[in-house]
There are 4 protein chains.
Amino acid sequence: MVEYRIDRGSGVPAYVQIVEQTERALRMGTLRVGDKLPTAREVVAATAVNPNTVLRAYRDMEQAGLVELRRGLGTFVTRSLARPGAEDDSPLRAELTAWTARARAAGLERADVLALVTAALDAYDNEQHSKEEDA
Amino acid sequence: MVEYRIDRGSGVPAYVQIVEQTERALRMGTLRVGDKLPTAREVVAATAVNPNTVLRAYRDMEQAGLVELRRGLGTFVTRSLARPGAEDDSPLRAELTAWTARARAAGLERADVLALVTAALDAYDNEQHSKEEDA
Amino acid sequence: MVEYRIDRGSGVPAYVQIVEQTERALRMGTLRVGDKLPTAREVVAATAVNPNTVLRAYRDMEQAGLVELRRGLGTFVTRSLARPGAEDDSPLRAELTAWTARARAAGLERADVLALVTAALDAYDNEQHSKEEDA
Amino acid sequence: MVEYRIDRGSGVPAYVQIVEQTERALRMGTLRVGDKLPTAREVVAATAVNPNTVLRAYRDMEQAGLVELRRGLGTFVTRSLARPGAEDDSPLRAELTAWTARARAAGLERADVLALVTAALDAYDNEQHSKEEDA
DNA sequence: GTGGTCTAGACCACT
DNA sequence: GTGGTCTAGACCACT
């Protein structure tokens with residue numbers, strides 16, 4: 001079961017945070033096709049967000065083809081975003097877990113880690129771009 | 001010089017994206033105390049965002065003590081968020097760069113990588129929490 | 001309920017005037033934790049200021065930790081600035097009320113009174129400074 | 001000689017602060033007809049404000065008939081705002097000085113004192129208004 | 001030329 | 001209905 005955490009004050013709309021967190025769970029394989037999302041009522045209880053806000057997020061994901069809202073039954077995952085390589089037991093994941101532990105132990109904050117990763121991704125993408133241009 | 005990229009479809013307000021990207025540059029040491037941010041006009045030219053939106057972002061960072069807006073002169077970094085361990089030549093960074101390359105080569109998208117890192121951070125934090133509770 | 005009065009000829013930005021008047025009400029205890037500020041619309045109706053200007057003021061106070069903007073609900077005081085000694089029934093206040101009446105009756109304008117008080121404050125502060133230096 | 005103190009960050013334009021502080025000195029009798037204001041150069045040295053900003057303030061006061069700019073000579077007070085009752089040795093002033101000392105000693109901040117005075121002035125004015133209406 | 005305030009107005013997020 | 005973002009555009013403050 002996904003557990004949503006809404007960071008009010010981040011400036012990111014609540015419904016966007018719900019969508020992002022759901023997609024993340026889909027990519028990680030935490031959430032699979034057929035799985036049920038928490039009910040609006042449950043999300044409300046956990047996050048103090050208004051039910052309409054949850055429904056807005058769920059509706060957005062339905063339009064994106066990720067979930068299906070079944071009246072009276074709940075909301076269910078209809079498409080996987082899971083990647084081979086992102087599974088629980090993948091080597092890549094184990095390596096990252098180890099690296100993260102080292103980074104945090106070295107004093108880097110969550111935001112520092114995220115900044116580093118974003119920078120690494122940007123660097124990689126730029127490099128690929130220039131290779132493509134060379135070709 | 002920072003270069004802002006605004007993703008208009010992300011649902012994240014433009015001014016928040018500017019703040020986030022600036023903070024990231026501060027954490028990475030790309031931007032240092034005394035450095036000048038691009039002028040509102042320059043950002044407008046590069047991102048097609050309205051000048052008011054840029055100023056809103058800059059003002060927010062000023063109130064957070066990160067930069068100083070000097071009328072007639074420009075906007076300047078007043079506080080560093082740089083971390084030892086996040087420098088260009090740090091081992092942690094080199095390791096992450098290598099890992100990212102492998103992840104991307106293995107077919108993981110940018111969003112997959114970010115999802116993995118977020119998961120790893122969550123896992124680490126949860127573990128620390130439970131250790132603290134044990135203690 | 002606070003009632004804002006915007007003096008358009010003063011050269012002081014309208015949003016600053018709103019912040020100042022709110023803080024004054026907080027210091028006086030007129031406004032307490034949990035109290036609701038007038039909605040942007042109400043302020044607009046009363047002052048002919050643009051809603052954006054009101055929101056700018058409210059946002060500034062939110063960042064200062066004084067109030068909380070709750071979408072769909074309103075804006076609420078989250079921190080007190082009240083001082084013992086500034087209450088309605090404090091002797092200090094009674095004395096000042098009496099003094100003010102005498103000053104006004106003696107022909108001093110509002111601005112004169114404010115000038116006198118500012119001078120008295122400056123004099124007191126300077127004296128304290130020099131005492132500290134002596135010590 | 002007036003000494004200007006510019007509070008950047010107060011949100012009040014620098015030139016307005018200069019005008020306000022000058023008027024205060026005029027009301028207090030600290031500055032009298034014929035007195036010379038500090039030169040732009042001196043103000044710049046003391047406040048790190050741009051000379052044009054000082055000149056802007058002086059020009060505004062010239063238009064208000066308070067001072068006269070004499071090229072090559074300086075800026076001179078041409079009108080008094082002094083009030084009987086606001087002199088250095090007036091009883092009102094002595095009483096206020098004493099009251100201020102007590103207020104500060106009781107823990108009230110500068111801003112608290114100013115808030116109290118403003119409230120007292122408002123209260124007095126409201127009372128007068130209602131008396132006038134009765135009459 | 002650089003930042004800063006303000007307005008009117010459109011559209012969105014949230015209750 | 002309440003706050004929130006964004007735009008275009010006018011005009012101001014400051015260097």
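Below, chain A is the first sequence line, B the second, and so on; all start at residue 1. What you are looking at is a predicted structure, and each value in this text was computed from that prediction instead of being measured.
- Within the 4.5 Å cutoff, the side chain of A:Leu31 has no heavy atoms near those of the A:Glu23 side chain.
- Counting only heavy atoms from C-beta outward, the side chains of C:Leu37 and C:Phe76 never approach each other to under 4.5 Å.
- Partners of C:Glu109 under the side chain to side chain contact (heavy atoms under 4.5 Å, CB included) rule, at least two apart in sequence or in another chain, are C:Asp112, D:Arg27, D:Arg83.
- A donor-acceptor pair under 3.5 Å links the side-chain atoms of A:Arg79 to the main chain of A:Ala64, judged by distance alone.
- Regarding D:Asp60, its CG atom lies at a distance of 11 Å from the P atom of F:dC14, rounded to whole Å.
- In this structure, OG1 on B:Thr118 lies 9.5 Å from CD on A:Gln21, to the nearest 0.5 angstrom.
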What does the list of N/O pairs under 3.5 Å between the protein and nucleotides 9-12 of chain F look like, with a distance for each?
residue : atom : partner : partner atom : Å
F:dG9   : O6   : B:Asn52 : ND2          : 2.9

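- Between B:Val12 and D:Pro51, the one whose closest nucleotide on DNA chain F sits nearer the 5' end is B:Val12.
- Remark: A:Arg41 pairs with A:Thr39 by the side chain to side chain contact (heavy atoms under 4.5 Å, CB included) rule, at least two apart or across chains.
- Here D:Ile18 contributes atom CD1 and D:Leu55 contributes atom CG; the two are 9.5 Å apart, rounded to the nearest 0.5 Å.
- Using modelled atom types, no side-chain atom of A:Ser80 and backbone atom of A:Arg32 make a donor-acceptor pair closer than 3.5 Å.
- As a whole-Å value, the separation of C:Ile18 CD1 from E:dT5 P is 13 Å.
- The residue among B:Lys36 and C:Pro13 whose nearest nucleotide of DNA chain E lies closer to the 5′ end is B:Lys36.
- Rounded to whole Å, atom P of E:dG1 lies 12 Å from atom CD of B:Glu42.
- Distances shorter than 4.0 Å separate some side-chain N or O of C:Thr53 from OP1 or OP2 on E:dT7.
- One atom, CG of C:Leu69, and another, P of E:dT15, lie 13 Å apart when rounded to the nearest Å.
- Distance check: A:Arg70 CZ to A:Lys36 NZ gives 10.5 Å after rounding to the nearest 0.5 Å.
- Looking at A:Arg110 and B:Asp122, a side-chain N of the basic residue comes within less than 4.0 Å of a carboxylate O on the acidic one, giving a salt bridge.
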Writing each nucleotide of DNA chain F 5' to 3' as (, ), [, ], | or . by Watson-Crick or G-U pairing under 3.5 Å yields ||||||||||||||.
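- Sequence neighbours left out, the pairs with a member in residues 47-56 of chain C that pass salt bridge (Lys or Arg N to Asp or Glu O under 4.0 Å) are C:Arg56-C:Asp60.
- For the segment residues 73-81 of chain B, the set of residues with a heavy atom within less than 4.0 Å of an atom of DNA chain F comprises B:Leu73, in numerical order.
- At least one side-chain nitrogen or oxygen of C:Arg8 sits closer than 4.0 Å to the OP1 or OP2 atom of E:dT7.
- Place B:Gly72 and D:Gly11 on DNA chain E by their nearest nucleotides, and B:Gly72 ends up nearer the 5' end.
- Rounding to whole angstrom units, CG of residue B:Leu55 and P of E:dC6 are separated by 14 Å.
- In this structure, B:Arg59 places its CZ atom 12 Å from P of F:dC6, rounding to the nearest Å.
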